[in-house]
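What follows is one structure encoded as structure tokens, with my remarks underneath.
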2 protein chains.
Amino acid sequence: MAKRPVDEPVSRRSAESGENLAERIYAQLKQDIFEFRLLPGDRFSETEIAERMAVSRTPVREALFRLQREAFVDVLFRSGWQVRPFDFNYFEDLYDVRVVLETAAVKRLCEQSIGGDELDALKQIWLVPAADRLSDASTVSALDERFHEMLVEATGNAEMARMHHALTERMRIIRRLDFTKPPRIEATYLEHGKILRAVLQRRGDQAQLLLKTHIEESKSEVRKITLHMLHTARHKSGQERA
Amino acid sequence: MAKRPVDEPVSRRSAESGENLAERIYAQLKQDIFEFRLLPGDRFSETEIAERMAVSRTPVREALFRLQREAFVDVLFRSGWQVRPFDFNYFEDLYDVRVVLETAAVKRLCEQSIGGDELDALKQIWLVPAADRLSDASTVSALDERFHEMLVEATGNAEMARMHHALTERMRIIRRLDFTKPPRIEATYLEHGKILRAVLQRRGDQAQLLLKTHIEESKSEVRKITLHMLHTARHKSGQERA
DNA sequence: GAGTACAGTTATGTATACAAGAAGGAATAC
DNA sequence: GTATTCCTTCTTGTATACATAACTGTACTC
């Protein structure tokens, strides 16, 4: 698409790292939030970010506005920016929206017998012998995200998939904390397997119930463990900085 | 060049309307799209908008990026901006998402007997004698939007309401075209009344079915009439410009 | 006459300059 | 010691300058 110039003196840098600065800074900041280098409640200024990333304020502002729209940060009128503080009600609402979207998706999958490709792909990952299961927390966490996203994608509704993906991104920060303990990973394999089998057998009601229970379990787990995990993360991040 | 606004002092206006320029330009551009002063497929540049609104490119770009994220416009790499062309599959997907969110909402309203205040307010509007009904297309169109939004808001899930509101905004351009004919208005009163009564009687299944049918009817109506309406709107807008 | 090369125009992306207001600290009055 | 006032500093919002690449039309070559 983008035509390559014959010689590449300056355009090499932009080609390497994501086409434009604003995009790169957006991704970097989001990663900083996900990995608790920027903590909920932390305040910072545009200049500060710009200097750290060695760019001007322009792309930084563009990235920040995008993060603001996605509810990761708030701008305080002429008084800097802030990583949005934890709000459990907010996350619980998001979990409920996920229940709505995903149960609607599996209902459609069962009733219309569609999404064969996506379901096959999921089988390869989740319906495997116990010995073949993965155990790395961050890997399983990513697979978990994909499991739920693909259920929605399988319906073929691109806009619903897009909205669900946005939800997933917004919840990642809190969902990661849920995957630090092996029992949680094991339970995930068990429950995803059950849901998947129900969908493959086109048992809509059962699939919906299993899925709803599964998500609401995560929801309650999260509320239990988050405060402690956040403090740990905060501490660890503090050490890394020093 | 853009230093001195022709119509009004820019500082006064910003104090009056919304504190900052980017917000104002965002609203103005969105309105231009809704009212077909900017037509799907139209191309324009940042400078062009900036000069017309008598501001610099900075707030214009901010507004455009927001509109881009909300799927109203596309940026063509170093080749200007474009009002997103009509895509019926896209709008159909949005209608389906609305079905999912709103049926889930009324289900919850019926099962948990919540949202009394919102339902009361809706009663005042939709369950009135035929003589008291409104007939102005744009008024009824706005009330129609609020009807569906309030069903979702009544569940108390702020994030679901926010997502639904975003959907409503994205669909407004096409939904307006649906309300130009009196029969459509009458049908809306009838169907909203039925849905509302079912919800008030906590008959969940019936309410869901009525709502689903109601939305899908709009969806099919829209696909039928849009092309013609769009041409009319394009013509009218051309006359206004000349 | 057709195709290609080249330069001028114009687009967005990025950096920088400037404006206005909020926050915080120091100094002063009591 | 306490409260208040002013001033410095730092913040975001906006305007402008500059960089780079794509498009377009023209002139030239074959």
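In the text below, chain A, chain B and the rest are named by the order of the sequence lines, each starting its count at 1. The figures that follow rest on heavy atoms only: side chains count, while hydrogens, waters and symmetry mates do not.
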In whole Å, what is the span from the [atom1] atom of [X] to the [atom2] atom of [N]?
X	N	atom1	atom2	result
B:L21	D:dG13	CG	P	11 Å
A:N20	C:dA15	CG	P	11 Å
B:E23	D:dT12	CD	C1'	15 Å
A:E51	C:dA15	CD	P	13 Å
B:L76	C:dT10	CG	C1'	14 Å
B:E46	C:dT10	CD	C1'	12 Å
A:Q82	D:dT11	CD	C1'	15 Å
B:I25	D:dG13	CD1	P	14 Å

Short N-O contact, A:R170 and A:E70, less than 4.0 angstrom: no
By side-chain contact (heavy atoms from CB on, under 4.5 Å) - contacts of [X] (at least two apart):
X	answer
A:A50	A:R57, A:V60
A:E153	A:R146, A:E149, A:M150, A:A161
A:N89	A:D87, A:R223

Pairing residues for A:R176 by the side chain to side chain donor-acceptor pair (under 3.5 Å) criterion, not counting sequence neighbours: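 Here no residue qualifies.
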All side chain to side chain donor-acceptor pair (under 3.5 Å) counterparts of A:S79, not counting sequence neighbours: A:R43
Residues forming a ring-ring contact (aromatic ring centres under 6.0 Å, His included) with [X], sequence neighbours excluded:
X	result
B:F147	B:W126, B:H192
A:F72	A:F34
A:H164	none
B:F91	B:F86

Exercise: identify the closest heavy-atom pair between A:D93 and B:A158: OD2-N, 3.2 Å
Close residues, residues 60-68 of chain B, relative to DNA chain C [heavy-atom separation under 4.0 Å]: B:R61, B:F65
N or O in side chain of A:S45 less than 4.0 angstrom from D:dT11 OP1/OP2: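 Yes.
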Summary of protein contacts for nucleotides 16-24 of chain C, nucleotide by nucleotide, where a base hit scores B, a sugar-phosphate-only hit scores S (4.0 Å, heavy atoms): BB--BS-S-
Nucleotide pairing, DNA chain D (Watson-Crick or G-U, distances under 3.5 Å), in dot-bracket with [ ] and |: ||||||||||||||||||||||||||||||
